Peer 1: 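Have a look at this one before I ask anything.
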There are 2 protein chains.
Amino acid sequence: MTQHDLESLRTQVDELNLKILQLINERAEVIQEIGKIKEKQGVNRYDPLRERHMLDLLRENNNGPLSQSVVDHIFKEIFKTALNLQEDDHRKALLV
Amino acid sequence: MTQHDLESLRTQVDELNLKILQLINERAEVIQEIGKIKEKQGVNRYDPLRERHMLDLLRENNNGPLSQSVVDHIFKEIFKTALNLQEDDHRKALLV
């Protein structure tokens with residue numbers, strides 16, 4: 001293992017970061033669409049059953065090396081920021 | 001927009017979640033490799049300059065809808081858990 005290997009691994013991390021960035025933005029776009037439907041239906045955006053379902057599905061498909069508690073933690077942060085985005089949209093909608 | 005659309009959008013979110021799960025696990029594997037090299041070199045795992053570089057690259061490539069502060073927040077959580085994973089490996093290495 002050399003400095004060259006380290007640079008090559010870091011390039012891999014950079015590429016993975018950009019792919020993750022793209023996917024969390026795509027996810028946010030879909031969540032915005034869901035928010036619009038819920039808005040029309042007049043139902044609450046936060047749905048603990050739906051969140052439970054998503055975490056269960058992740059648990060069933062997690063082959064590591066990240067532990068489930070770490071995966072839960074990261075995704076709860078992603079869920080939270082998605083909800084905030086919906087709230088922002090809601091506030092903007094109220095202002096127009 | 002109907003209940004059917006909502007279900008279809010939720011399926012999209014589930015699929016995106018699984019892709020994100022796969023990528024953060026792939027990323028964790030590469031980070032473990034980096035940790036092993038740094039271990040041999042005897043250098044500190046936490047590298048604030050490298051973290052700054054990664055966040056800058058994400059900023060340059062973020063086309064939204066997630067704001068940069070949200071992207072920073074999610075990735076800092078991902079960085080943190082990756083470091084913990086390295087520390088776990090380090091502790092295991094010390095025990096054998």
Side-chain angles (χ1 to χ4, degrees), chain A residues 1-3 5-6 8-34 36-41 43 50 53-55 57-58 60-67 69-71 73-82 84-85 88-89, chain B residues 1-3 5-6 8-34 36-41 50 53-55 57-67 69-71 73-82 84-85 88-89:
Chain A
M1 287 287 189
T2 64
Q3 193 63 29
D5 295 318
L6 190 60
S8 150
L9 291 169
R10 282 179 165 164
T11 303
Q12 281 183 49
V13 173
D14 284 343
E15 285 167 2
L16 286 166
N17 284 349
L18 293 181
K19 283 187 196 167
I20 295 167
L21 174 67
Q22 194 189 331
L23 288 175
I24 60 176
N25 269 319
E26 272 182 43
R27 188 185 186 284
E29 279 175 26
V30 183
I31 295 292
Q32 281 180 317
E33 289 304 309
I34 291 176
K36 283 179 201 160
I37 296 182
K38 286 191 164 183
E39 184 80 42
K40 281 182 191 157
Q41 292 180 340
V43 293
R50 170 70 186 146
H53 164 81
M54 290 191 287
L55 290 174
L57 196 63
L58 289 163
E60 287 160 22
N61 288 277
N62 182 26
N63 300 314
L66 291 176
S67 68
S69 64
V70 163
V71 169
H73 176 75
I74 292 173
F75 272 89
K76 279 179 186 169
E77 291 300 320
I78 293 176
F79 297 165
K80 222 190 308 178
T81 55
N84 291 342
L85 198 72
D88 283 351
D89 282 351
Chain B
M1 288 286 187
T2 66
Q3 193 64 27
D5 295 317
L6 189 59
S8 149
L9 291 169
R10 282 180 164 163
T11 303
Q12 282 183 50
V13 173
D14 285 342
E15 286 167 0
L16 286 165
N17 285 348
L18 293 182
K19 283 186 197 168
I20 295 167
L21 173 66
Q22 197 190 328
L23 288 174
I24 59 175
N25 269 320
E26 272 181 45
R27 187 185 187 283
E29 280 175 27
V30 183
I31 295 291
Q32 281 181 317
E33 289 304 308
I34 291 175
K36 284 179 201 162
I37 297 182
K38 286 191 165 184
E39 183 80 41
K40 281 181 192 159
Q41 292 181 340
R50 170 72 186 143
H53 165 81
M54 290 191 288
L55 291 173
L57 196 63
L58 288 164
R59 177 168 290 122
E60 286 160 22
N61 287 276
N62 183 28
N63 300 314
L66 292 176
S67 69
S69 65
V70 163
V71 170
H73 175 74
I74 292 174
F75 272 90
K76 279 179 185 171
E77 292 299 320
I78 294 175
F79 297 165
K80 222 191 307 179
T81 57
N84 291 342
L85 200 72
D88 285 350
D89 282 351

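If you're wondering where the values come from, they're calculated on a predicted model, not measured in any experiment. First the proteins, then the strands, lettered A, B, ... as listed; each starts at 1.
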Peer 1: How far does CG of A/Asp5 sit from CD1 of B/Ile37, to the nearest 0.5 angstrom?
Peer 2: 5.0 Å
Peer 1: How many angstroms lie between atom CG of B/Leu66 and atom OG1 of A/Thr81, to the nearest 0.5 angstrom?
Peer 2: 6.0 Å
Peer 1: Looking at CD of A/Gln12 and CZ of B/Arg27, how far apart are the two atoms once the value is rounded to the nearest 0.5 Å?
Peer 2: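 These two atoms lie 12.0 Å from each other.
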Peer 1: Which one, B/Leu57, B/Asn61, B/Ile20, B/Ile78, leads in non-hydrogen pairs under 4.5 Å with chain A?
Peer 2: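 Heavy-atom pair counts peak at B/Ile20.
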Peer 1: Measure across B/Phe79 and A/Asn17 and return the closest heavy-atom pair with its distance rounded to 0.1 Å.
Peer 2: CE2-ND2, 4.4 Å
Peer 1: Locate the shortest heavy-atom distance separating A/Glu29 from B/Gly64; write the atom from each residue and the value.
Peer 2: OE2-O, 4.3 Å
Peer 1: Looking at chain B, which one of A/Val71, A/Val70, A/Leu18 has the largest number of heavy-atom pairs inside 4.5 Å, strictly under?
Peer 2: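 Of A/Val71, A/Val70, A/Leu18, A/Leu18 has the most heavy-atom pairs under 4.5 Å with chain B.
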Peer 1: I'd like to know if B/Arg50 and A/Asp14 make a salt bridge, using a cut-off of under 4.0 Å between side-chain N and carboxylate O.
Peer 2: yes
Peer 1: Could you work out, with salt bridge (charged side-chain N to carboxylate O under 4.0 Å, His left out) as the rule, every residue matching B/Arg59, not counting sequence neighbours?
Peer 2: B/Asp56, B/Asp72
Peer 1: Set out, in order, the CA-CA distance, both residues' side-chain angles and the distance that settles side chain to side chain contact (heavy atoms under 4.5 Å, CB included) for A/Leu23 and B/Leu23, then state yes or no.
Peer 2: CA-CA 10 Å; A/Leu23 288 175; B/Leu23 288 174; 3.2 Å; yes
Peer 1: Of all residues at least two apart in sequence or in a different chain, which pass the salt bridge (charged side-chain N to carboxylate O under 4.0 Å, His left out) check with B/Arg10?
Peer 2: A/Asp47, B/Glu7
Peer 1: Starting from the C-alpha separation in whole Å, work towards a yes-or-no answer on side chain to side chain contact (heavy atoms under 4.5 Å, CB included) for B/Gln41 and A/Leu6.
Peer 2: CA-CA 11 Å; B/Gln41 292 181 340; A/Leu6 190 60; 4.2 Å; yes
Peer 1: Between B/Asn63 and A/Asn25, does the side chain to side chain contact (heavy atoms under 4.5 Å, CB included) criterion hold? Intermediate values first, please.
Peer 2: CA-CA 8 Å; B/Asn63 300 314; A/Asn25 269 319; 5.7 Å; no
Peer 1: Do B/Val13 and A/Ile34 have side-chain heavy atoms sitting under 4.5 Å apart?
Peer 2: yes
Peer 1: Got a second to check how far B/Ile74's CD1 is from A/Lys80's NZ, nearest 0.5 Å?
Peer 2: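 So the gap between those two atoms works out to 10.0 Å.
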Peer 1: How long is the span from the CG atom in B/Leu21 to the CZ atom in A/Phe75, to the nearest 0.5 Å?
Peer 2: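 B/Leu21 atom CG to A/Phe75 atom CZ measures 5.5 Å (nearest 0.5 Å).
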Peer 1: Please flag which part of B/Ile24 lies under 4.5 Å from any non-hydrogen atom of chain A: side chain, backbone, both or neither.
Peer 2: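 Both parts, backbone and side chain.
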